[in-house]
Visitor: 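Got a structure for you, questions after.
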Amino acid sequence: MVNLILFGPPGSGKGTQAKMLVEKYNFFHISTGDMFRYEMKNDTPLGKKAKEYIAAGNLVPDSLTIAMLKKQVVANQDVYGFIFDGFPRTTPQADALDILMNSLGNSVNKLIALDVNDQEIIDRLQGRAKIEGRADDANVETVKNRIEVYKQNTTPVFDYYENFDKSVKVDGIGSLDEVFERICNEL
Ligand code: ADP
């Protein structure tokens, strides 16, 4: 198995690039953001719990997120490898992921971080709000909070994997194909 974390701030293009990687390499794509949106759309108990955190641009508590992620990994063992998109977002989540992968005889092979500046994020998310209609994209204050949460809680995950020589940065500015090529060069 080849297991990849696609990392970066909100709006850095993780989801789009993950889909392109799935087409080329047959990865199984796990997006915790997509999973939460599915739970909220179906008004499940988990969706109800996650809703307020997401609306405010805060992280859903680790316990809920890790349990949801585990279920999805365990249920899909017969795959080429996983792309983790939007997970791990905290160091306890990274610890939990490593323990889980090890227990399944696997590991995280690489973290690829898409490098995009704050103003570009704000511009992109305002554009996406018009297309996808996500409330957490439409409100600029919520977007700024998400960027802040990313810097405070999520960037340590880059360092966590850098300690194992697994983290690389890729320039996230450019056309979809240009960014895709940069990612593929790292694989
Ligand atoms: P983006 O990368 O554009 O911020 P996502 O779809 O990955 O969007 O996430 C949307 C929201 O879902 C996040 O702002 C957060 O509230 C919640 N979420 C997603 N993944 C996680 C996670 N791993 N841990 C905690 N909360 C998460």
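First listed ligand is number 1; within each ligand, the first listed atom is number 1.
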Visitor: Applying a heavy-atom cut-off of 4.0 Å, say which part of Lys51 lies close to ligand 1: side chain, backbone, both or neither.
Guide: neither

Visitor: Within the distance-only criterion (no hydrogens, no angle test), does the side chain of Arg182 pair as donor or acceptor with the backbone N or O of Val170 below 3.5 angstrom?
Guide: no

Visitor: Looking at atom 20 (N) of ligand 1, what's its closest protein heavy atom, distance included?
Guide: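 The closest one turns out to be Thr32 OG1, 2.8 Å.
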
Visitor: Could you list which atoms of ligand 1 come closer than 4.0 Å to a heavy atom of Arg37?
Guide: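 What qualifies from ligand 1 is 6 (O), 10 (C).
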
Visitor: Relative to the heavy atoms of Pro10, which atoms of ligand 1 are at a distance of less than 4.0 Å?
Guide: 1 (P), 2 (O), 3 (O), 4 (O)

Visitor: Heavy-atom contacts with Phe36 under 4.0 Å: which atoms of ligand 1 show up? List them by number with element.
Guide: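 This gives 18 (N), 19 (C), 27 (C) as the contact atoms.
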
Visitor: Let me see the working for Lys41 and Asp34 under salt bridge (charged side-chain N to carboxylate O under 4.0 Å, His left out), right down to the final yes or no.
Guide: CA-CA 10 Å; Lys41 204 174 108 203; Asp34 285 350; over 6 Å; no

Visitor: Give the atom numbers and elements of ligand 1 that come within less than 4.0 Å of a heavy atom of Gly11.
Guide: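 It comes down to these atoms of ligand 1: 3 (O).
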
Visitor: Under 3.5 Å, N or O to N or O, is Val60 touching ligand 1 that way?
Guide: yes

Visitor: Go through ligand 1 atom by atom and flag the ones less than 4.0 Å from a non-hydrogen atom of Lys14.
Guide: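 Those of ligand 1 that fall under 4.0 Å from Lys14 are 2 (O).
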
Visitor: May I ask you to test the Leu46-Phe36 pair for a side-chain heavy-atom distance under 4.5 Å?
Guide: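 In short, these two side chains touch, coming nearer than 4.5 Å.
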
Visitor: Membership question, hydrophobic clusters at under 4.5 Å side-chain separation (ILVMFWY): are Phe87 and Leu100 in the same one?
Guide: yes

Visitor: Would you call the rings of Tyr80 and Phe27 parallel, tilted or perpendicular, taking 30° and 60° as the class edges?
Guide: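 The rings of Tyr80 and Phe27 stand perpendicular, inter-plane angle above 60°.
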
Visitor: In terms of atom number and element, which parts of ligand 1 are under 4.0 angstrom from non-hydrogen atoms of Arg128?
Guide: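 Result: 3 (O).
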
Visitor: What residue among Lys130, Arg124, Arg128 forms side chain to side chain donor-acceptor pair (under 3.5 Å) with Asp137?
Guide: Arg128

Visitor: Return a yes/no value for Gly57: is any of its N or O atoms, backbone included, closer than 3.5 angstrom to an N or O of ligand 1?
Guide: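 In fact, backbone or side chain, Gly57 has no N or O that close.
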
Visitor: For Leu4, is there any backbone N or O sitting under 3.5 Å from a side-chain donor or acceptor partner on Asn109?
Guide: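 Flag not set: sc Asn109 to bb Leu4 has no pair under 3.5 Å.
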
Visitor: Side-chain atoms of residues 54-73: list all donor-acceptor pairs with protein atoms under 3.5 Å, sequence neighbours left out, distances to 0.1 Å.
Guide:
residue, atom, partner, partner atom, Å
Asn58, OD1, Asn145, ND2, 2.9
Asp62, OD1, Thr90, OG1, 3.0
Asp62, OD1, Gln93, NE2, 2.9
Asp62, OD2, Thr90, OG1, 3.3
Thr65, OG1, Val60, O, 3.4
Thr65, OG1, Pro61, O, 3.1

Visitor: Does Thr90 approach ligand 1 within less than 4.0 angstrom via side chain, backbone, both or neither, non-hydrogen atoms only?
Guide: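 No part of Thr90 comes within reach of ligand 1.
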
Visitor: To which protein heavy atom is atom 17 (C) of ligand 1 closest, and what is the distance rounded to 0.1 Å?
Guide: Ile54 CG1, 3.8 Å

Visitor: For ligand 1 and Gln93, I'd like to know whether there is a polar contact (N/O to N/O, distance under 3.5 Å).
Guide: yes

Visitor: Distance under 4.0 Å to a non-hydrogen atom of Asn58: what atoms of ligand 1 satisfy this?
Guide: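 Listed by number with element, the hits are 15 (C), 16 (O).
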
Visitor: Could you tell me whether Arg89 and ligand 1 have an N or O pair separated by under 3.5 Å?
Guide: yes

Visitor: Answer with side chain, backbone, both or neither: which part of Thr65 has a heavy atom less than 4.0 angstrom from an atom of ligand 1?
Guide: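 The answer is the side chain.
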
Visitor: If only side-chain N and O atoms count, and only distance matters, is there a donor-acceptor pair under 3.5 Å linking Asp98 with Tyr161?
Guide: yes

Visitor: I'd like to check Gln17 versus Leu176 (side-chain heavy atoms, cut-off strictly below 4.5 Å). Are they in contact?
Guide: yes

Visitor: I need the atoms of ligand 1 closer than 4.0 Å to a non-hydrogen atom of Arg146, numbered in the order shown.
Guide: 1 (P), 3 (O), 4 (O), 8 (O), 14 (O)

Visitor: CG of Asn42 to CZ of Arg37: how many Å apart, nearest 0.5 Å?
Guide: 13.5 Å

Visitor: Determine whether the side chain, the backbone, both or neither of Arg134 has a heavy atom under 4.0 Å from any heavy atom of ligand 1.
Guide: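 Contact part for Arg134 vs ligand 1: side chain (C-beta onward).
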
